[in-house]
Amino acid sequence: MGVEVLTLHGHAVSFRREGEGPVLLLIHGIAGCKENWDEVIPGLAEGCTVIAPDLPGHGASGRPAGDYSLGAMAATMRDLLLALGHERATLVGHSLGGGIAMQFSYLFPEHTERLVLVSSGGLGKTVNPLLRSAALPGSELVVSGIGHGARAVGAVLGPAVRFSGLSVQPDLAEIGRGMTRLADAETRAAFLSTLRAVVGPVGQRVFAGDKLYLAAEMPTLIVWGDRDPIIPVGHARRAHAAMPRSELVLLEGVGHMPLLEAPGALVEAIQRFVAGRPPSDIDPERWRALLRDGA
């Protein structure tokens, strides 16, 4: 299998597909791409079909000028899943991808088997000040400068670091790669549209707290690094307390990118969760009762 491209609604969606069995849909974070999952895909593909797409405006996928809201992203993921012949999947979302995964499970519970939230957005207001600054009106020139500056610095420092034998932490390396992508005008526009849909000057705009009671019907795993500098680990603890039947795994000494910093531990946690928790079987009457009663 490997990397494939599918056209949805007139726009290319690039994705990697590996393995056979129950479906895991891996959704990366903002300014990321499907390659963020490279270290975990081989392990997860042992007994599962793993699908890792580039979100619209990211990686090798198209950059439409339209809607970059969580709902629009979730709908694209649903359409990709159905176009590939799969009715249901376990959603695994990192950072922004966690917010998309939660939105997917809320909008399309009949297509969701389980939910895995990795350093997820949407579970509190606090977020790193740099992201709040990038979401400000008029930040386009600053973000453009960051992108071009990161590209120039990377061109000089990359060979020097390799020659010296020094190493760079995986999370810092990925942040650097994400910054270099912002030198491209279309990528930068998509990044800002996506960021402003979920982050404002005072923090995260989107908060799933008023709908977490619906997790009573959705097996949920929360995985977080206890040294996350982007989204505080307190979000994980509060979400775990508010989500019935959820499981919480905290990774010691890990930052915002467990999929790069601790891929083995992440694979083990997901494999154990999928093997031990039967998929959700949403009963329409029960769902209606939850929505009606709010509990």
task: Any pair with a residue in residues 101-114 that passes salt bridge (charged side-chain N to carboxylate O under 4.0 Å, His left out), sequence neighbours left out, goes on the list, sorted by first then second residue, please.
output: none
task: Scan for salt bridge (charged side-chain N to carboxylate O under 4.0 Å, His left out) pairs involving residues 241-250, sequence neighbours excluded, and state none if there are none.
output: E247-R277
- prompt: Hey, mind stepping through R238 and L123 against side chain to side chain contact (heavy atoms under 4.5 Å, CB included) and telling me if it holds?
  reply: CA-CA 8 Å; R238 288 191 293 272; L123 294 172; over 6 Å; no
Between [X] (side chain only) and [Y] (backbone N and O only), is there a donor and an acceptor less than 3.5 Å apart?
X: S105; Y: T112; result: no
X: T220; Y: M218; result: yes
X: S61; Y: S14; result: yes
X: T49; Y: G21; result: yes
X: Q204; Y: G122; result: yes
X: W224; Y: R237; result: no
X: D54; Y: A60; result: yes
X: Q271; Y: E46; result: no

For [X] and [Y], which heavy atoms make the closest approach, and how far apart are they?
X: P258; Y: G255; answer: CD-O, 3.9 Å
X: G29; Y: S95; answer: CA-CB, 4.2 Å
X: K34; Y: A52; answer: CB-O, 3.3 Å
X: G47; Y: P22; answer: O-CD, 3.3 Å
X: G71; Y: L107; answer: CA-CD1, 4.3 Å

- request: Kindly write out the residues that satisfy salt bridge (charged side-chain N to carboxylate O under 4.0 Å, His left out) with E39, not counting sequence neighbours, or none if the list is empty.
  value: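 Not a single residue meets the salt bridge (charged side-chain N to carboxylate O under 4.0 Å, His left out) criterion with E39.
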task: Just jot down the salt bridge (charged side-chain N to carboxylate O under 4.0 Å, His left out) partners of E285, sequence neighbours excluded, or say none.
output: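 Partners of E285 by the salt bridge (charged side-chain N to carboxylate O under 4.0 Å, His left out) criterion, ordered by chain and then number, come out as R288.
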Side chains of [X] and [Y]: closer than 4.5 Å at any heavy-atom pair?
X: P53; Y: L25; answer: yes
X: L55; Y: L96; answer: yes
X: R78; Y: L82; answer: yes

Sequence-distant partners of [X], side-chain hydrogen bond (donor to acceptor under 3.5 Å, both in side chains), two or more places apart:
X: W37; value: none
X: D79; value: H9
X: T76; value: none
X: S280; value: none

Looking at [atom1] of [X] and [atom2] of [Y], how far apart are the two atoms once the value is rounded to the nearest 0.5 Å?
X: E18; Y: D38; atom1: CD; atom2: CG; result: 9.5 Å
X: E35; Y: L260; atom1: CD; atom2: CG; result: 11.5 Å
X: I230; Y: S119; atom1: CD1; atom2: OG; result: 9.5 Å
X: I222; Y: L115; atom1: CD1; atom2: CG; result: 8.5 Å
X: M257; Y: L266; atom1: CE; atom2: CG; result: 11.0 Å
X: I51; Y: L44; atom1: CD1; atom2: CG; result: 13.0 Å

message: Going by ring pair (Phe, Tyr, Trp, His ring centres under 6.0 Å), name the pairs with one or both residues in residues 54-104, residues two or more places apart or in two chains.
response: H28-H58, H94-H256, F104-F108
task: Give every residue pair that meets the ring pair (Phe, Tyr, Trp, His ring centres under 6.0 Å) criterion with at least one member in residues 264-283, sequence neighbours excluded.
output: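 Output for this query is empty, none listed.
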task: Go through V274 and L24 one step at a time and tell me if the side chain to side chain contact (heavy atoms under 4.5 Å, CB included) criterion holds.
output: CA-CA 10 Å; V274 170; L24 300 179; 4.2 Å; yes
message: Restricting to ring-ring contact (aromatic ring centres under 6.0 Å, His included), what partner residues turn up for H235, sequence neighbours left out?
response: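 ring-ring contact (aromatic ring centres under 6.0 Å, His included) check on H235 returns nothing, list empty.
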Residues forming a ring-ring contact (aromatic ring centres under 6.0 Å, His included) with F15, sequence neighbours excluded: none
Intermediate values then yes/no, side chain to side chain contact (heavy atoms under 4.5 Å, CB included), L221 and R272: CA-CA 10 Å; L221 170 66; R272 184 174 62 247; over 6 Å; no
